[in-house]
Every structure is written in C-alpha cells, then in structure tokens.
Protein chains: 2
Amino acid sequence: MRKTFLFMDTIFNKVDSKGRVSLPADYRAIVKELNSEIVCYRSLVSPCIEGCAEDLLEKLATEIEDSNDFFSQEQDDLTNLIFGDAKRFTFDSTGRIVLTEKLLTHAGITDTAVFVGKGRKFQIWSPENWAKEEARIRAEVLKKRPVLNAHKSGDNA
Amino acid sequence: MRKTFLFMDTIFNKVDSKGRVSLPADYRAIVKELNSEIVCYRSLVSPCIEGCAEDLLEKLATEIEDSNDFFSQEQDDLTNLIFGDAKRFTFDSTGRIVLTEKLLTHAGITDTAVFVGKGRKFQIWSPENWAKEEARIRAEVLKKRPVLNAHKSGDNA
DNA sequence: TGGTATAGCATGGTAATTCATGGGAATCAA
DNA sequence: TTGATTCCCATGAATTACCATGCTATACCA
C-alpha cells in the first residue's frame, strides 16, 4: 500500500462549459495519500498552469525562510509571485476541479486540458501549446544529453 | 531475503491484444522486495521501452527538490521529459502489466516483448529491434576489445 | 539415474470495478 | 428572482482484478 508521490504521464481531459476538469485518477490518489490539497498557479515562464500538492508549497516557504544564499532575494520575490497567484482546488466526489478563468486564459485552454507530470509538480497545458513545448524540450534535452548521465554520483560501471 | 536487486537476463514474453505482458518472475520479485512499483517510459535514444523501480525516480525527484533550484529552466525541461513520459505500472495477481499504445508503438512491439536486464533498469524491445541492437553491441565491443587488452600509450585517437 | 509428482509461471478469457463526462438539482450571492 | 457555483446521480467506455488452463522447470522418490 505504500506509495510514492510522483506526478507522471501525460493525460488529455475535457474541460466542460463550466470549466470543470477531471483531475487524473493517479493524481487524485497521490493527493489523497498525502492528505493534502491541490494548489494551482500560473507558470511564471510558460503559457501553462502549474499545480502541486499543498505541502510542497509549505516546504518551499520554509526553505526560503531558512535560506541564506545569494539567490534568496530573487527566490523570495518569485515566491511572492507564486503565493499571490496560487489557489487551492478541492475536487468533488467524481474527482473534478473547476479551473478559474484567469488560469484557463493564461494557458490558452478552451475545451481540452493536458496534464503533464513533473514529479513533485505537474502542469496543465492546452493541446496546441503542449505540442510545441514538447517538441522544444525534446530538441533541447537531446542537445544536452550528457547532463542526463551526470546527475548521479555513485554510479560505477 | 534477497542479496541483489538487479534486473538481468533476456526474456521473451507474449503481448496479447490488450497489451498485456507478464513481467518476468525475477523482475516481479525485485519490485516486490523493494516494496515499489514499475515505471516505464520511452527511451530517449533507442526504439525501446525503459523501465525501473519507482523509487529510482523518487530519488531523482528528491534530488531535484533538494537542489534549491525550484525555478530552474533546465530542470523544468528535464523533469517534463522524464516524468511527463513515465507511467506507473502495477501488475495484477498473475504478474501482468498493460503497456500503453504509445510505448508499444515507440518500441515497435506487436505480439512479443523482449525484456533485457540492465541492472537498476531494464529495457523492453521488439524481437526484431533487439536482434539488431544485440548485434550492434557485440560488434561495438569486439571493435574495442584490442584496446581493452593491449594498453597502448598515447591512444587519444 | 531415470521417471514421475509438484509447484511456479505464462497466457487466454471474462467478470467486476473504476473512470471520465454529461446533465440536472440544490445552494449561495447579489 | 436571477445568475452562478457546488454537489450529486447516471451512463458508457475503458481499465483492472480474478479464475482457469496448459506448460515447464524443479524436486522427489524408487
């Protein structure tokens, strides 16, 4: 029964006229296990919505609080932006949340939402924007592939 | 109690019309022992599926989380690519998982899946692609073998 | 050593459950 | 009251869990 808490996969769900979307079942399971709630906010850098479990923001807040490095001011500013924008979303008995007009507009979502897992976080895109983004990322990462291999230290051949 | 947690060997299993495959018994034993689950994703560089125990990705997520790089663009790309593509697979009481169309297509698998152990990870190939890949690997190793045996001085060619 | 019983595994089929989604009733705000 | 938002039920489709069978490798016994 012990689970890990990673948002994964790419899921296409419909957005109805009321702005309702099913949160993917796997995502729901994670939030439930964490005894947490979903929080969403506009991505600072991309035309998409970002989401995570509320306790990740809790951790982020604590980190910023305790951080002494020279990025802290910058991160503090970014954090303000996020917390100012973030909103809690509870899902109903069928597992749906109602996204706000502000978020939908920012992401250019009309009738279909694409959930993209990012580990501790996830993103919600319009199909069009996601197609572009995915292509960009694939090209970018393949260019830098050595980085993929270098992230581990204890890796002996 | 088990000594090792390494995926090994090469196993040919059938894929039925619904995409169901038996995960090799040895692999199952490992995953069970780790109290984890299987995660699969498309290989970035080969026409095959890659898999590992979920806690390997969990570690990666934790590393990213702890890197104080909450807003890094590069990490954004990397996590999108890995977690956006990865999917969790639980096996039923008979030890089968259901591979998705996306994965099967990427690997060119129709009715037979070849599981190839790679230590902490494993790969799933179509028999045809695996035959080619194995031949390529063998040729590659043979080519390098003289270098491995005879330690030449000044061999920076 | 050879032959047979046994347990574990891969695989096919099917029943049961879960999930996404549409519609409408109930609740709340102005 | 009207418009909007939240909650709940219904439904069809897709996914998953379960049961059954045949095969293979292993253990056991003579």
Side-chain angles (χ1 to χ4, degrees), chain A residues 1 3 7-33 37-40 49 51 87-105 109-117 122 124-127 130, chain B residues 2 7-33 36-40 49 51 54 86-105 109-117 122 124-127 130:
Chain A
M1 192 61 191
K3 274 192 172 182
F7 296 107
M8 292 192 230
D9 207 358
T10 300
I11 295 112
F12 290 71
N13 278 348
K14 274 210 155 188
V15 181
D16 69 15
S17 54
K18 298 172 190 170
R20 294 184 299 183
V21 213
S22 278
L23 197 69
D26 283 352
Y27 290 18
R28 266 180 275 163
I30 292 174
V31 177
K32 249 180 159 177
E33 287 233 13
E37 295 286 349
I38 286 289
V39 170
C40 291
I49 304 166
K87 178 166 161 33
R88 282 177 108 203
F89 290 87
T90 58
F91 46 84
D92 63 24
S93 57
T94 65
R96 277 183 292 199
I97 58 177
V98 182
L99 294 172
T100 63
E101 197 52 42
K102 183 173 78 173
L103 292 175
L104 291 171
T105 301
I109 295 171
T110 56
D111 63 347
T112 302
V114 186
F115 291 80
V116 182
F122 61 89
I124 314 175
W125 293 78
S126 74
W130 172 241
Chain B
R2 224 192 148 82
F7 298 107
M8 292 191 230
D9 207 357
T10 300
I11 294 110
F12 290 70
N13 278 348
K14 271 211 154 188
V15 181
D16 71 15
S17 56
K18 293 169 194 161
R20 291 188 300 184
V21 214
S22 278
L23 198 69
D26 283 352
Y27 290 19
R28 264 181 275 161
I30 292 173
V31 176
K32 247 181 158 180
E33 191 87 27
S36 191
E37 295 286 350
I38 285 290
V39 170
C40 292
I49 303 167
E54 191 174 14
K87 180 161 162 38
R88 198 159 187 270
F89 290 89
T90 57
F91 45 83
D92 63 22
S93 55
T94 66
R96 275 183 294 198
I97 59 176
V98 184
L99 293 173
T100 62
E101 196 54 42
K102 182 174 80 172
L103 292 175
L104 292 170
T105 301
I109 295 171
T110 55
D111 62 346
T112 302
V114 186
F115 291 80
V116 183
F122 61 88
I124 314 176
W125 293 78
S126 73
W130 172 241

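What you are looking at is a predicted structure, and each value in this text was computed from that prediction instead of being measured. Chain identifiers are assigned alphabetically (A, B, ...) following the order of the sequence lines, protein sequences preceding nucleic acid strands; residue numbering begins at 1 within each chain.
- Here the P atom of nucleotide D:dT16 and the CZ atom of B:Arg88 are 12 Å apart, to the nearest Å.
- Note that CZ of B:Arg20 is 12.5 Å distant from CD1 of B:Ile97, once rounded to the nearest 0.5 Å.
- Annotation: the span from A:Ile49 atom CD1 to A:Leu103 atom CG amounts to 4.5 Å, rounded to 0.5 Å.
- Of the candidate nucleotides D:dT6, C:dT21, D:dC18, D:dC18 has the atom lying nearest to any side-chain atom of B:Ser93.
- Between the NZ atom of A:Lys14 and the C1' atom of C:dC19 there is a distance of 16 Å, given to the nearest Å.
- Across D:dT6, D:dC18, C:dA10, the shortest atom-to-atom separation from the side chain of A:Val98 is found for D:dT6.
- Whole-Å rounding puts the A:Asp26 CG to C:dT18 P distance at 14 Å.
- In this entry the distance linking CD1 of A:Ile11 with P of C:dT21 reads 11 Å, nearest Å.
- What separates CG of A:Leu99 from C1' of C:dT21 is a distance of 15 Å, to the nearest Å.
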Does the pair A:Leu23 and A:Phe115 meet the rule for a side-chain contact (heavy atoms from CB on, under 4.5 Å), with working shown?
-> CA-CA 8 Å; A:Leu23 197 69; A:Phe115 291 80; 3.7 Å; yes

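- Taking the six-membered ring where tryptophan is involved, the planes of B:Tyr27 and B:Phe122 are tilted, since the angle between them lies from 30° to 60°.
- Rounded to whole Å, the distance from CD1 on A:Ile97 to C1' on D:dT5 is 15 Å.
- Using a 4.0 Å cutoff on non-hydrogen atoms, the parts of residues 15-23 of chain A near DNA chain C are A:Asp16, A:Lys18, A:Arg20, A:Ser22, A:Leu23, ordered by number.
- One interatomic measurement links the two molecules: CZ of A:Phe91 to P of D:dC8, which rounds to 14 Å at whole-angstrom precision.
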Passes side-chain contact (heavy atoms from CB on, under 4.5 Å), B:Val15 versus B:Ile109? Steps please.
-> CA-CA 8 Å; B:Val15 181; B:Ile109 295 171; 3.9 Å; yes

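- With rounding to whole Å, B:Asp92 atom CG is found 17 Å from C:dA16 atom P.
- A distance-only check finds a donor-acceptor pair linking the side chain of B:Asn13 to the backbone of B:Ser22 [under 3.5 Å].
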